[in-house]
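See structure below.
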Amino acid sequence: MLGSGTLGTKLVAVLLIALMAVGSVMMWLGVPFLWIYFVSQSVKSSQPSMGPYVLLLFGIPASMVLVGRFLGRINRIYGEVTNTTPEVKVVLPWHRSMRGERDAGHPRTVLDVVMVLSVACALTLMGIWFFFFAEGGGI
């Protein structure tokens with residue numbers, strides 16, 4: 001992955017990985033937090049109407065889709081920079097032999113690894129917060 005290439009290529013690849021890591025944290029934590037913050041600032045009463053809730057219901061997933069598309073684009077740029085762009089080979093489940101290979105046919109990318117790690121970190125931190133710091137939570 002980063003074993004060969006010039007120093008500039010390696011630096012760009014590391015920066016793209018860092019950008020994917022920051023982007024995935026933004027997708028899981030930043031987007032919901034920012035939406036909730038801005039919608040709460042726009043509401044003047046302690047009992048808002050249904051409008052702010054609907055805005056959150058549609059705004060958060062739509063923003064997450066946009067961030068996900070951005071991360072996919074960064075992953076493709078990473079593949080072009082490092083010459084590791086995989087050709088995605090997806091074998092549909094009904095085209096597989098019952099006794100055939102169990103390979104899913106989808107090579108893992110850096111974005112796959114970054115997203116799995118960011119979700120694992122988020123779940124770990126949520127568990128730590130819930131069991132040790134939340135009032136009334138935990139065991």
Side-chain angles (χ1 to χ4, degrees):
M1 199 165 14
L2 294 177
S4 63
T6 65
L7 182 62
T9 302
K10 290 179 184 180
L11 180 62
V12 169
V14 168
L15 290 174
L16 288 171
I17 292 171
L19 187 59
M20 283 188 270
V22 169
S24 53
V25 169
M26 276 301 294
M27 186 162 94
W28 301 119
L29 299 175
V31 167
F33 174 78
L34 290 173
W35 270 99
I36 291 169
Y37 175 77
F38 287 121
V39 168
S40 70
Q41 295 302 310
S42 69
V43 174
K44 302 298 179 204
S45 120
S46 63
Q47 296 180 348
S49 64
M50 201 61 183
Y53 297 114
V54 172
L55 186 61
L56 287 175
L57 185 66
F58 289 104
I60 291 174
S63 298
M64 287 179 154
V65 167
L66 292 175
V67 172
R69 291 180 64 110
F70 172 74
L71 289 172
R73 185 170 293 139
I74 297 297
N75 188 51
R76 283 188 293 280
I77 293 170
Y78 173 85
E80 292 169 4
V81 166
T82 59
N83 294 323
T84 58
T85 306
E87 292 182 11
V88 177
K89 177 182 78 170
V90 177
V91 179
L92 299 174
W94 51 87
H95 288 170
R96 290 188 200 139
S97 168
M98 293 294 286
R99 292 176 281 175
E101 296 178 5
R102 299 290 182 203
D103 183 22
H106 187 290
R108 280 187 290 274
T109 64
V110 173
L111 182 59
D112 295 334
V113 174
V114 167
M115 291 298 286
V116 167
L117 289 175
S118 70
V119 169
C121 288
L123 289 173
T124 301
L125 290 173
M126 184 186 77
I128 291 170
W129 170 80
F130 181 77
F131 287 112
F132 297 110
F133 299 107
E135 290 185 33
I139 299 173

For side chain to side chain contact (heavy atoms under 4.5 Å, CB included), just list the numbers for Thr124 and Ile128, CA-CA rounded to whole Å, side-chain angles, deciding distance to a tenth of an Å, and then say yes or no. CA-CA 6 Å; Thr124 301; Ile128 291 170; 4.1 Å; yes
Heavy atoms of Ser63 and Val31 approach each other most closely as CB-CG1, 3.5 Å
If hydrophobic clusters are built from ILVMFWY residues whose side chains come within less than 4.5 Å, do Tyr37 and Tyr53 share one? no
Cluster overlap Met20 with Phe70, hydrophobic side-chain contacts below 4.5 Å: yes
When rounded to the nearest 0.5 angstrom, what is the spacing between CZ in Arg76 and CD in Glu80? 8.5 Å
Got Leu55 and Trp35 here, is their nearest side-chain heavy-atom distance under 4.5 Å? yes
Shortest non-hydrogen contact from Pro52 to Val43? CG-CG2, 3.5 Å
Testing the basics here: between Thr82 and Ala13, what is the closest heavy-atom pair and its distance to 0.1 Å? CG2-CB, 3.7 Å
Look at the side-chain heavy atoms of Ile, Leu, Val, Met, Phe, Trp and Tyr, link any pair under 4.5 Å apart, and say whether Ile74 and Val119 land in one connected group. yes
Can you spot which of Thr109, Leu15, Thr84 makes a side chain to side chain contact (heavy atoms under 4.5 Å, CB included) with Tyr78? Thr84
Specify the closest pair of heavy atoms between Pro32 and Ile60, including all atoms of both residues, with the distance to one decimal. CA-CD1, 4.0 Å
In the structure I gave you, are the side-chain heavy atoms of Trp28 and Leu123 within less than 4.5 Å of one another anywhere? no
Which of these passes side chain to side chain contact (heavy atoms under 4.5 Å, CB included) with Leu111: Ile17, Val116, Asn75? Asn75
Any heavy-atom pair between the side chains of Leu16 and Val12 that's under 4.5 Å? yes
Over all heavy atoms of both residues, which pair between Lys44 and Gln41 is shortest? Give the atoms and the distance, please. NZ-O, 3.9 Å
Is any side-chain heavy atom of Trp129 less than 4.5 Å from a side-chain heavy atom of Leu125? no
May I ask you to test the Ile77-Val81 pair for a side-chain heavy-atom distance under 4.5 Å? yes
What about Met27 and Ile36, same hydrophobic cluster or not, with Ile/Leu/Val/Met/Phe/Trp/Tyr joined at side-chain heavy-atom distances under 4.5 Å? yes
Tell me whether Met115 is reachable from Met126 by hopping between hydrophobic residues (I, L, V, M, F, W, Y) whose side-chain heavy atoms are closer than 4.5 Å. yes
